[in-house]
Amino acid sequence: MILSVKDLVFAYNGTDILKKIDLAVEPGQLLAILGPNGAGKTTLLKCIGNIHCPAAGTIQVEDRNILKMSPDKVALSIGYVAQHSETTRLTVFDAVLMGRKPYIKWHVASHDLQVVEEVLMQLDLSKLSLRYLDELSGGELQKVAIARALVQEPRLLLLDEPTSALDLRNQISILSIVREIVDTRQIGAVMTMHDLNSALRYADRYCFLRNGSIYAECDRNTISSDIIEDVYGLPVSVHNIDNCPVIIPQQPL
Ligand code: ATP
């Protein structure tokens, strides 16, 4: 098991936001956290990434309690890609290299540089490697944040709306790369998303949050229009195209 979350409770200022969440991710699995605005998706991801401290419950990554781990140790296990990343006067190369920090003892090793170069190439960012972050577009910046998490070589990758700023080609490219890394390295990944059809295409399992609780967990075979209608309050139909479910909203008359 890569990730095990049990009875997770989180509150902001005494208001419960996450209520008794249970989740599990196996090696080679990509889990999509779905649900309407304000359902608690980002808060859940931040709890798993040890950015928020839950009021109750346990979070284990490969049988280790991440709530008791130092930030350096967490960074060796978990790569977290935030919804919005900050721009600083750093080059793309240096920003991505910072993802290797948990591995660097005294000096940057040639292996660290090699890992960075490979990921920059994989994400088609090599041509931007000497550009400063504050000179990038929103989509380019999002790809840099993903590159930085990938060079960490984490066992668990957490992605908060990883394609929100990307054009269609880059959406497909990034989700395909995440899928390939999850499959080949047998890591686990959890991503939050609003684009249901991309989630259905690339993730193995879908966890629907509603008002801070898990309303339903399903896969391609068990997804239904009822679940989506209940969670989003919108009539939809589910069609099968190229062996993948596709959600089509039904326009109200
Ligand atoms: P979205 O899809 O809009 O990004 P989400 O499902 O990721 O939403 P969260 O960002 O996790 O939702 O927010 C869950 C709830 O917690 C919302 O009601 C939000 O208003 C509230 N919330 C988020 N951050 C804070 C904060 N810092 N202080 C108080 N309440 C917060």
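Atoms within each ligand, like the ligands themselves, are counted from 1 in listed order. Throughout, numbering of the chain's residues begins at 1 and tracks the sequence.
For the 3.5 Å distance criterion, the side chains of Asp230 and Tyr215 qualify, holding a donor opposite an acceptor.
When each atom of ligand 1 is checked for a heavy atom of Lys41 under 4.0 Å away, the hits are 1 (P), 2 (O), 5 (P), 6 (O), 7 (O), 8 (O), 11 (O), 12 (O). The contact set between ligand 1 and Pro36, taken as ligand atoms under 4.0 Å from a residue heavy atom, comprises 6 (O).
With values rounded to the nearest 0.5 angstrom, Ser77 atom OG is found 13.0 Å from Glu153 atom CD.
For ligand 1, one of its N or O atoms has an N or O atom of His194 under 3.5 Å away. Some N or O of Gly40 is nearer than 3.5 Å to an N or O of ligand 1, by distance alone.
The protein atom (non-hydrogen) at minimum distance from atom 8 (O) of ligand 1 is Gly38 N, 2.8 Å. For atom 23 (C) of ligand 1, the closest non-hydrogen atom on the protein side is Tyr12 CE1, 3.4 Å. Of the protein's heavy atoms, Glu161 OE2, 3.6 Å lies nearest to atom 4 (O) of ligand 1. Ranking the protein heavy atoms by distance from atom 9 (P) of ligand 1 puts Thr43 OG1, 3.5 Å first. The protein atom (non-hydrogen) at minimum distance from atom 3 (O) of ligand 1 is Asn37 ND2, 2.9 Å.
Note on Asp204 versus Arg179: salt bridge recorded, some NZ/NE/NH1/NH2 to OD/OE distance being below 4.0 Å. Between Glu140 and Lys127 no salt bridge is recorded (no basic side-chain N to carboxylate O distance below 4.0 Å).
Protein heavy atoms are absent from the space less than 4.0 angstrom from atom 20 (O) of ligand 1. In this structure, atom 17 (C) of ligand 1 has a protein heavy-atom contact shorter than 4.0 Å.
The minimum heavy-atom distance between Ile146 and Pro162, with the atom names listed, is CD1-O, 3.8 Å.
Sparse packing is recorded around CZ of Arg201, with 12 or fewer heavy atoms of other residues, nucleotides or ligands lying under 6.0 Å away.
Around atom 7 (O) of ligand 1, the closest heavy atom drawn from Leu209, Asn211, Thr42 belongs to Thr42.
Among residues at least two apart or in separate chains, side-chain hydrogen bond (donor to acceptor under 3.5 Å, both in side chains) pairs with a member in residues 40-58 are Tyr12-His52, Thr42-Gln83, Thr42-Asp160.
Side-chain N or O atoms of Thr192 include one that pairs as donor or acceptor with a backbone N or O of Glu161 at under 3.5 Å.
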